[in-house]
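Below you'll find the structure, written out as structure tokens, and then a few comments.
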Amino acid sequence: MKRTITCIGCPMGCQVTVDYDGEDIHSVTGNTCKRGDIYARKEVTHPTRIVTSTVRVDDGRIPQVSVKTAQDVPKEKIFEVMDALKGVHVAAPVRMGDVILENAAGTGVNIIATKNVPKTA
């Protein structure tokens with residue numbers, strides 16, 4: 001079978017075609033760089049995503065901080081990761097890179113802050 005996907009490995013956005021039989025990949029064509037080959041193989045066999053969201057901040061200059069997974073998580077775990085973030089709140093100050101939630105949804109991946117939120121004066 002063949003599957004055509006748009007590569008997001010670089011800004012080129014190549015249309016990459018993967019020829020596979022459900023388990024083994026026979027060929028990857030249409031990519032202009034090595035990242036396209038790597039991305040297409042991973043997307044067909046085991047798709048993953050970075051998850052982004054926000055969490056509440058107590059006593060911060062702004063009420064929320066943007067967060068993301070520190071690494072990709074399996075695509076099928078996205079909703080579990082989002083559920084794990086429900087009700088999470090942190091105390092200010094928050095610094096970019098702070099771990100907000102460890103091992104989100106049992107993925108082994110931490111949720112980290114992506115910006116600074118100072119404490120209210």
Side-chain angles (χ1 to χ4, degrees):
M1 81 178 82
K2 290 187 181 202
R3 181 171 167 200
T4 301
I5 58 175
T6 301
C7 178
I8 60 171
C10 79
M12 294 291 292
C14 297
Q15 294 297 302
V16 181
T17 301
V18 181
D19 182 15
Y20 66 108
D21 64 14
E23 290 183 21
D24 295 323
I25 294 176
H26 303 293
S27 68
V28 176
T29 57
N31 55 300
T32 56
C33 69
K34 179 105 174 131
R35 288 185 281 182
D37 182 82
I38 294 167
Y39 172 77
R41 290 174 186 275
K42 185 174 153 187
E43 184 65 15
V44 168
T45 59
H46 190 254
T48 60
R49 299 290 186 271
I50 294 288
V51 177
T52 61
S53 188
T54 58
V55 297
R56 292 183 181 181
V57 178
D58 297 331
D59 298 321
R61 286 198 187 155
I62 57 176
Q64 296 177 326
V65 64
S66 54
V67 297
K68 70 177 193 118
T69 52
Q71 292 94 30
D72 295 3
V73 296
K75 191 174 177 182
E76 66 271 9
K77 291 282 197 172
I78 291 172
F79 291 110
E80 290 178 48
V81 169
M82 292 301 291
D83 282 344
L85 285 170
K86 287 182 182 174
V88 172
H89 58 95
V90 295
V94 179
R95 289 178 183 75
M96 188 182 322
D98 283 355
V99 174
I100 304 300
L101 179 65
E102 292 184 357
N103 190 22
T107 60
V109 176
N110 295 336
I111 304 291
I112 59 171
T114 61
K115 68 185 293 182
N116 295 325
V117 178
K119 191 171 182 158
T120 54

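Keep in mind that the numbers below use all heavy atoms, side chains included, and drop hydrogens, waters and symmetry copies. Counting from 1, the numbers follow the sequence of the chain as shown.
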Run T17 and T4 through side chain to side chain donor-acceptor pair (under 3.5 Å) and show every step you take. CA-CA 4 Å; T17 301; T4 301; 3.1 Å; yes
Under 3.5 Å, side chain of D37 to main-chain N/O of R41, donor-acceptor pair present? no
Test item: M82 and S53 side chains (from C-beta on) under 4.5 Å apart, heavy atoms: yes
Hey, any chance I62 and V65 share a hydrophobic cluster, counting ILVMFWY side chains that come within less than 4.5 Å of each other, even indirectly? yes
Got V99 and I111 here, is their nearest side-chain heavy-atom distance under 4.5 Å? no
Heavy-atom distance under 4.5 Å between the side chains of V67 and T114, does that happen here? no
Verify the cluster assignment for I50 and V55: are they in a single hydrophobic cluster under the rule of side-chain heavy atoms below 4.5 Å apart? no
To the nearest 0.5 Å, what is the distance between CZ on R3 and CG on D19? 13.5 Å
Indicate the atoms forming the closest heavy-atom contact of C10 with R35, along with that distance. CB-NH2, 3.4 Å
Would you please test V16 and T29 for side chain to side chain contact (heavy atoms under 4.5 Å, CB included) and show each step? CA-CA 6 Å; V16 181; T29 57; over 6 Å; no
Evaluate the side-chain proximity of T45 to I25: yes if any heavy-atom separation is below 4.5 Å, no if none is. yes
Gap separating the CD1 atom of I38 from the CD atom of E43, nearest 0.5 angstrom: 14.0 Å
Testing the 3.5 Å rule here: is there a donor-acceptor pair between the side chains of D58 and H89? yes
Over all atoms of both residues, closest heavy-atom pair of P118 and A92: O-CB, 4.0 Å
Test item: K68 and I112 side chains (from C-beta on) under 4.5 Å apart, heavy atoms: yes
Which pair of heavy atoms, one from I100 and one from A113, lies closest together, and at what distance? CG1-N, 3.7 Å
A40 and V18 have their tightest heavy-atom pair at CB-CG2, 3.6 Å
Keeping D98 on the side-chain end and R95 on the backbone end, is there a donor-acceptor pair under 3.5 Å? yes
Among the clusters formed by ILVMFWY side chains lying less than 4.5 Å apart, do V44 and I78 turn up in the same one? no
Atom OG1 of T69 and atom CG of L101: how far apart are they, to the nearest 0.5 Å? 11.0 Å
Would you mind reporting whether C33 and M12 have side-chain heavy atoms less than 4.5 Å apart? no
Hydrogens and angles aside, do T48 and K42 bring a side-chain donor and acceptor to less than 3.5 Å of each other? yes
Please name the pair of heavy atoms, one in Q64 and one in V57, separated by the smallest distance, quoted to 0.1 Å. C-CG2, 3.8 Å
What's the spacing between D72 CG and R49 CZ if we round to 0.5 Å? 8.5 Å
Do S66 and T54 have side-chain N/O donor and acceptor atoms under 3.5 Å apart? no
Heavy-atom side-chain contact between I8 and Y39 under 4.5 Å: yes
Kindly indicate whether the side chain of V51, heavy atoms from C-beta on, has any atom under 4.5 Å from the side chain of V109. no
Between CD of Q15 and CG of N31, what distance do you get to the nearest 0.5 Å? 12.0 Å
Check whether any side-chain N or O of D59 sits under 3.5 Å from a backbone N or O of K119 as a donor-acceptor pair, and report yes or no. no
